[in-house]
Engineer: 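There's a structure below that I have some questions on.
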Amino acid sequence: MALFVTNITKIVTQTLQGWRGLIKPYIITTIAIGTSVTTGDLICQYLESHKKSPTGETIAPSSSSLLSWWDRERSRIMCTTAVLVSTPWSFTLARIVERLFPGKQGIQIAKKMLTNTLLAPLNISIVFTCVILLQGHTLRTARKKIKHDMPKTFVAGTCYWPFVSFINFRFIPLNYRPIVGSLAGAIWNIYISSAANNPKLNPDGTIKAKAGTETTLLAETSGTAVPALQEAWKTLDNNKKDL
């Protein structure tokens, strides 16, 4: 009996020590991903509000306020989604794939990258669902959103994330992989912010703007990632020149 109690105590102690060891990395991961997603959303909103007219002129917000273009509620929703969805997903997945395919050999890295890619549609769908629900819409609207935007978002991600994943799995220690991923995600999150908030929806889930009249970066670049990112860099360069 004494031996049984001793073994149970030992297991509980090891478990608690293991959980305590995860607290700091999880907090750091939460801060990194939350900052990355919020920054990407801010850049996306700025680019959408300073879009160019057909004549090539920059259309700036009419208000004189420095941050008149900033939709704080949208940023709050994106940041909340990052904390509730993106952080636990990235943190947990990083440890699962490392446990399943340990090591830095080429075949192990390939398995990790393939696992991330295969699970990406689920992650994107959960993110879209969280954003839609936080906007006050229904699960039915979320399903429509996933059906309409998830496939092209997934395809766009496969053109970007495998390269980031290779660097992460090959050179970065486990506890720092979500942080490096969040740094690379600052660019990707510009696209995700546009995809998650496009098209604009009415409270009943219907589309607010007709096709071709949305003001999101995604809509202005025909819904593809490469033109969207190219437009983002182009706008930033032009703004730097104006300064």
Side-chain angles (χ1 to χ4, degrees), residues 3-40 78-131 146 150-192 195-196 225 229:
L3 180 60
F4 175 76
V5 173
T6 301
N7 289 336
I8 292 297
T9 303
K10 184 178 180 180
I11 293 174
V12 171
T13 301
Q14 291 176 344
T15 302
L16 291 176
Q17 290 175 346
W19 280 109
R20 282 197 295 268
L22 293 176
I23 292 176
K24 183 178 178 180
Y26 189 85
I27 292 176
I28 295 175
T29 300
T30 301
I31 295 174
I33 294 180
T35 301
S36 174
V37 171
T38 305
T39 300
M78 295 302 298
C79 184
T80 301
T81 301
V83 173
L84 296 181
V85 176
S86 300
T87 295
W89 177 275
S90 299
F91 191 83
T92 303
L93 183 60
R95 279 154 178 77
I96 289 176
V97 297
E98 188 62 35
R99 181 177 291 271
L100 291 175
F101 314 112
K104 297 183 178 181
Q105 299 86 353
I107 185 63
Q108 299 297 82
I109 292 176
K111 290 178 180 179
K112 296 174 187 177
M113 293 171 60
L114 179 60
T115 301
N116 278 357
T117 300
L118 294 177
L119 291 177
L122 178 59
N123 181 32
I124 295 170
S125 298
I126 296 175
V127 168
F128 283 173
T129 299
C130 186
V131 170
I146 292 170
M150 189 279 290
K152 59 186 177 185
T153 303
F154 168 68
V155 171
T158 58
C159 298
Y160 179 75
W161 281 112
F163 304 101
V164 177
S165 296
F166 175 80
I167 294 174
N168 234 356
F169 291 132
R170 181 66 180 84
F171 303 106
I172 308 301
L174 176 61
N175 284 343
Y176 296 96
R177 286 174 188 171
I179 299 175
V180 174
S182 67
L183 293 176
I187 298 175
W188 172 250
N189 286 324
I190 298 175
Y191 176 80
I192 281 294
L229 295 177

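Just so it is clear, the structure is predicted and the values come from calculations on it, not from any experiment.
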Engineer: So which heavy atom on K112 is nearest to which on G103, and how close?
Structural biologist: NZ-O, 2.8 Å
Engineer: Less than 4.5 Å apart, side chain to side chain, heavy atoms only: is that true for V83 and V37?
Structural biologist: no
Engineer: R95 and L22: side-chain contact (heavy atoms from CB on, under 4.5 Å), yes or no, with the steps?
Structural biologist: CA-CA 11 Å; R95 279 154 178 77; L22 293 176; 3.5 Å; yes
Engineer: So, the side chain of S36 versus the backbone of L183: is there a donor-acceptor pair under 3.5 Å, distance only?
Structural biologist: no
Engineer: So which heavy atom on A195 is nearest to which on F128, and how close?
Structural biologist: CB-CZ, 4.0 Å
Engineer: Please evaluate residues K111 and L100 with respect to the criterion side-chain contact (heavy atoms from CB on, under 4.5 Å), reporting the C-alpha separation (whole Å), side-chain torsions for both, the decisive distance (0.1 Å), and the verdict.
Structural biologist: CA-CA 9 Å; K111 290 178 180 179; L100 291 175; over 6 Å; no
Engineer: Mind listing the closest non-hydrogen atom pair of S125 and M150 along with its distance?
Structural biologist: OG-CG, 3.6 Å
Engineer: Can you label the angle between the Y160 ring and the W188 ring as parallel, tilted or perpendicular, going by 30° and 60°?
Structural biologist: parallel
Engineer: Once rounded to the nearest 0.5 Å, what's the spacing between atom CZ of F169 and atom CD of Q105?
Structural biologist: 14.0 Å
Engineer: Measuring from atom CD1 of I27 to atom CZ of F91, what distance do you get when rounded to the nearest 0.5 angstrom?
Structural biologist: 10.0 Å
Engineer: Shortest non-hydrogen contact from R177 to N168?
Structural biologist: O-ND2, 3.0 Å
Engineer: Distance from T129 atom OG1 to I146 atom CD1, nearest 0.5 Å?
Structural biologist: 3.5 Å
Engineer: Could you grab the distance from atom CG of L93 to atom OG1 of T115, nearest 0.5 Å is fine?
Structural biologist: 7.5 Å
Engineer: Do I28 and Y176 have side chains that get closer than 4.5 Å, going by heavy atoms?
Structural biologist: no
Engineer: Closest heavy-atom contact between S182 and A32?
Structural biologist: OG-CB, 3.4 Å
Engineer: Drop me the distance from T117's OG1 to F154's CZ, to the nearest 0.5 angstrom.
Structural biologist: 6.5 Å
Engineer: Among L84, V127, L119, I33, find the one that has a side chain to side chain contact (heavy atoms under 4.5 Å, CB included) with W89.
Structural biologist: L119
Engineer: Can you tell me if F101 has over 12 outside heavy atoms packed within less than 6.0 Å of its CZ?
Structural biologist: yes
Engineer: What pair of heavy atoms forms the shortest contact from V97 to A94, and how long is it?
Structural biologist: CG2-O, 3.4 Å
Engineer: What's the separation between atom NZ in K104 and atom CD in Q108, rounded to the nearest 0.5 Å?
Structural biologist: 13.0 Å
Engineer: For T35, is there any backbone N or O sitting under 3.5 Å from a side-chain donor or acceptor partner on T38?
Structural biologist: no
Engineer: Does the side-chain contact (heavy atoms from CB on, under 4.5 Å) test come out yes or no for T92 and I96, once each step is laid out?
Structural biologist: CA-CA 6 Å; T92 303; I96 289 176; 3.7 Å; yes
